[in-house]
Amino acid sequence: MLSKSQAKVFFLGGTIVTFAIFLGLSWNSLSNEVPKRTHEENLTPQVIAGKHIWEKNNCMGCHTILGEGAYYAPELTKVYERRGEAYIKAALMSKTPWAPRGRQMVAYALSEQEANDVVAFLKWIGNVDLNGFPPKPDLKK
Amino acid sequence: MKYKSQKVAYWFFALSMLLLSLQIIYGFIMAFAHMGYDVLHQITPFNTARAVHTNLLVVWLLSGFMGAAYYIIPEEAEHELVSVKLAYIQLITLAIVGVVAIVGYHFNYWEGRKFLEIPRPLDWLVVVNVLTFLGIILMTLFKGKKRTTTSLVLTMGLVFAALLYLPGMIWFDNQTMDSFFRWWVVHLWVEGVWELIMGGILAFLLIKITGVDREVIEKWLYVIVGLTFISGILGTGHHYYYIGVGKAWLIIGGIFSALEPLAFLGMALFAIAMYRKGEKKHPNKIALSWTLGTAIVSFVGAGFLGLAHTLPGVNMYTHGTLVTAMHGHLAFWGAYGMIVLAFISYSLPNLTGRKYYDTITGLLAFWLSNIGMIGMTVAFGVAGVAQVYLERKVGLEFGEVQKEIQVHFVVLAICATFFTTGIVCYIYEFVKYGTPNDEALETIKN
Ligand code: HEM
Ligand code: HEM
Ligand SMILES: [Fe+2]
């Protein structure tokens, strides 16, 4: 039967090997895949400013983006394609809570400039290659 | 209790109880918002309630782990904590940082990254706090007579958890990079190093409660934490399917994350086997229920419900829906909530010298909270599956779908009421025990 010291070797050995593979794969993803798939050349100062606003207001506390966040409000990775610029800006600049279907969004009352930054960020993220996420609804008539 | 300095653990547990109560209140705020009663929108919009709910969860669990470590390490190392005064300072600063963060969330002071909302300046205070904690633990181990496997695994878990907090503090311009490293914290915590903490605490409890030989228990502990890391580290890939990195992760993440339940299955079988094998029957029945409970419920919540949506083909549809919330609740509860409550139930009699080993309220606390939480899991699950079908298969609008599934949040709130009643019973018992005292050194040793 397995002894305690063999069990210890299993633990330490397994950890070191899998962790080394993990670091290698991560390094490959970050240096070779991310720049292309996310179109890093399009990360303009405006997109970055938009990301700042996105984070400062914890938009992820209600919405998901890249499928991560909260489940209270719609997934926004493809919102630029779905709704277009004017709609998004209206929601962001509204001085009263935006509530198209009853659920209220915080009234951020962003300036025109800030709203443009967020739109730029959402437009950028809409073009990231996500291996097919979100799926196309295949039962839609 | 064998060492005077173990008493400090009690106050960490008391902080845990307080934060758990607050967490539940914010849970109800969100449940009502999902039902269509977002009445507190002006003061506590959904994103505030959510950040508070999840951060309180993490802090009450950490406070529980720290308390457990302050109790376990002296006993395992056979040495008093090197500085009780520093431990109290560490407790108070932990509480202050927690409170400041949570108040800040009501005033738009946060970072907007799920689970890591604590703003950067406060992150540094967390780092100092955790370093103080680790300093006390490591120095005690160093000066102690013994370094047992149980204490080493526990300490390793705590040290790695601290290290893994750091990747969450790097600033990235690219959302994909942000997400990539967010998982180094979130995933490698709950499906990696926290399992070492859980395993260490579980091993300690089993040694004390079942009386099975330490060598046997610690051998299996190595096997379990070995399985954890071998599957869990590469299992991180199950969060990299759809965030803008390559397709290799679909295969690696799929295979290794599908193996992750083995560690939890191991934990469950291990606890049951040791219980059967044990000759000594410890009189603390309630601690025994929680100990076996955590091993079993963590397998269901983390292992089984994790497996349910971890394969790429399934995750494509369930990613970022209420299905995730279903799994998140039972996994956090079973693995980490219950291990903390198990430890508190075990240690309170020893700290206070009062033997409420088998009370009705204690048993009610166990059963009501668990039945309530399982009901909540079912409610989230039904809502989640309906959401996936209507939104991602049929293609209805998000908002339309949410109206269809509102009713499941009524069920959620009802089950949450059962859960809360259980927690009220638990806290009632906690208060009834009173505070720790030195007489307990004489009366109850284990
Ligand atoms: C105690 C252990 C665990 C806890 C506390 C836990 C908790 C969570 C939480 C809170 C999330 C949401 C994270 C976020 O979006 O930021 C999550 C996601 C996920 N978990 Fe776990 N989990 C555990 C174990 C597991 C295991 C063992 C598996 C697989 C077998 C698993 C599979 C998943 C998957 C696939 C997701 C992503 C869901 C999505 O795409 O939206 N989890 N988990
Ligand atoms: C009265 C009890 C509770 C209620 C009503 C409740 C309700 C909720 C709701 C509505 C959400 C947000 C889902 C969304 O984004 O739309 C949530 C998130 C969460 N809650 Fe609770 N909760 C309760 C207790 C707990 C407990 C005891 C735990 C842990 C042991 C917990 C862990 C979590 C986690 C980890 C999340 C994030 C899930 C994710 O992002 O996938 N909750 N809760
Ligand atoms: Fe994970």
Side-chain angles (χ1 to χ4, degrees), chain A residues 2-4 7-8 10-11 14-15 18-19 21-22 25-26 28-30 32-34 37-38 40 43 47-48 51 54-62 64-75 97 100-104 106 121 125 128-135 137-140, chain B residues 30 33-34 36 38 41 45-48 50-51 108 110-114 117 173-177 179-180 215 218-220 222-223 225-226 229-230 233-234 236 240-250 252 316-317 319-322 324-325 391-395 397-400 402-403:
Chain A
L2 183 81
S3 72
K4 189 170 164 187
K8 188 174 175 179
F10 168 73
F11 165 62
T15 303
T18 48
F19 193 63
I21 300 174
F22 179 66
L25 286 169
S26 293
N28 176 51
S29 284
L30 298 178
N32 300 329
E33 296 166 359
V34 172
R37 286 176 165 256
T38 66
E40 255 180 12
L43 274 180
V47 172
I48 295 166
K51 177 173 182 276
W54 169 266
E55 269 175 15
K56 203 181 85 200
N57 295 298
N58 191 13
C59 305
M60 225 189 190
C62 292
T64 46
I65 194 150
L66 305 178
E68 294 171 22
Y71 320 120
Y72 189 64
E75 162 53 60
R101 285 185 179 73
R103 247 179 220 182
Q104 304 177 66
V106 176
F121 169 67
I125 206 152
V128 175
D129 179 353
L130 297 182
N131 290 334
F133 180 84
D138 44 9
L139 300 180
K140 194 169 185 174
Chain B
M30 285 191 286
H34 266 285
D38 186 12
H41 183 81
F46 191 87
N47 56 350
T48 297
R50 193 182 211 282
N108 220 22
W110 46 19
E111 240 172 47
R113 291 152 71 231
K114 185 182 182 183
E117 288 90 349
D173 290 335
N174 188 329
Q175 184 72 27
T176 295
M177 301 279 270
S179 161
F180 196 90
E215 285 301 302
E218 291 181 340
K219 175 174 83 184
W220 290 110
Y222 270 134
V223 174
V225 294
F229 275 163
I230 289 171
I233 294 174
L234 287 168
T236 315
Y240 293 165
Y241 299 155
Y242 309 119
I243 64 164
V245 290
K247 285 209 161 72
W249 292 108
L250 295 175
I252 303 272
M316 165 73 97
Y317 288 93
H319 181 43
T321 64
L322 289 162
T324 309
E391 197 182 317
R392 303 232 164 127
K393 295 293 266 184
V394 182
E397 285 272 346
F398 177 90
E400 301 302 324
Q402 293 296 313
K403 283 203 189 107

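This structure is a prediction, so every number in the text was calculated from the model and none was measured. Chain identifiers are assigned alphabetically (A, B, ...) following the order of the sequence lines, protein sequences preceding nucleic acid strands; residue numbering begins at 1 within each chain.
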Name the option with the most non-hydrogen atom pairs under 4.5 Å to chain B; the candidates are [options].
| options | answer |
| --- | --- |
| A/Thr64, A/Val34, A/Asn32 | A/Val34 |
| A/Gly102, A/Ala70, A/Pro97 | A/Ala70 |
| A/Cys62, A/Pro74, A/Pro100 | A/Pro74 |
| A/Leu30, A/Ile21, A/Asn28, A/Ile65 | A/Leu30 |

Chain A heavy atoms under 4.5 Å from [X]: which part of the residue, side chain, backbone, both or neither?
| X | answer |
| --- | --- |
| B/Ala51 | side chain |
| B/Glu400 | both |
| B/His41 | side chain |
| B/Glu111 | backbone |
| B/Thr176 | both |
| B/Met316 | both |
| B/Phe229 | both |

So, [X] side chain and [Y] main chain: donor-acceptor pair closer than 3.5 Å or not?
| X | Y | answer |
| --- | --- | --- |
| B/Asp173 | A/Val47 | no |
| A/Asn131 | B/Tyr241 | yes |
| B/Lys114 | A/Gly69 | yes |
| A/Glu33 | B/Gly246 | yes |

Please classify the contact of [X] with chain B as side chain, backbone, both or neither, using a heavy-atom distance under 4.5 Å.
| X | value |
| --- | --- |
| A/Asp129 | backbone |
| A/Leu43 | side chain |
| A/Lys51 | side chain |
| A/Thr15 | both |
| A/Val128 | side chain |
| A/Ser26 | both |
| A/Leu2 | both |

Item to check | Intermediate values then yes/no, side-chain contact (heavy atoms from CB on, under 4.5 Å), A/Glu68 and B/Ser179 | outcome: CA-CA 8 Å; A/Glu68 294 171 22; B/Ser179 161; 2.8 Å; yes
Among [options], single out the residue with the greatest number of heavy-atom pairs under 4.5 Å to chain A.
| options | result |
| --- | --- |
| B/Leu250, B/Ile252, B/Val225 | B/Val225 |
| B/Tyr240, B/Trp110, B/Tyr317, B/Trp220 | B/Trp110 |
| B/Thr48, B/Asn174, B/Leu234 | B/Asn174 |

I need the minimum non-hydrogen distance between [X] and [Y], along with the two atoms involved.
| X | Y | result |
| --- | --- | --- |
| B/Tyr222 | A/Phe10 | O-CD2, 4.4 Å |
| B/Phe180 | A/Ser29 | CE1-CB, 4.3 Å |
| B/Val394 | A/Pro137 | C-CB, 3.9 Å |
| A/Ala7 | B/Val223 | CB-CG2, 4.0 Å |

Could you grab the distance from atom [atom1] of [X] to atom [atom2] of [Y], nearest 0.5 Å is fine?
| X | Y | atom1 | atom2 | result |
| --- | --- | --- | --- | --- |
| B/Gln175 | A/Thr38 | CD | OG1 | 11.0 Å |
| B/Ile243 | A/Arg37 | CD1 | CZ | 10.5 Å |
| A/Met60 | B/Arg113 | CE | CZ | 8.5 Å |
| A/Arg101 | B/Lys403 | CZ | NZ | 7.0 Å |
| B/Asn108 | A/Asn58 | CG | CG | 8.0 Å |
| A/Thr18 | B/Ile233 | OG1 | CD1 | 4.0 Å |

Next on the checklist: Would B/Arg50 and A/Tyr71 count as a cation-pi pair here, with the cationic atom under 6.0 angstrom from the ring centre and within 45° of the axis?
Outcome noted: yes
Next on the checklist: As a quick check of understanding, evaluate side-chain contact (heavy atoms from CB on, under 4.5 Å) for A/Arg103 and B/Asp38, giving each step before the final call.
Outcome noted: CA-CA 8 Å; A/Arg103 247 179 220 182; B/Asp38 186 12; over 6 Å; no
Next on the checklist: Is the ring pair B/Trp249/A/Phe22 parallel, tilted or perpendicular, if the boundaries are 30 and 60 degrees?
Outcome noted: perpendicular
Item to check | Other residues, nucleotides, ligands: >12 heavy atoms within 6.0 Å of A/Lys4 NZ | outcome: yes
Item to check | Validation row: B/Phe398, A/Glu75 side chains within 4.5 angstrom (heavy atoms) | outcome: no
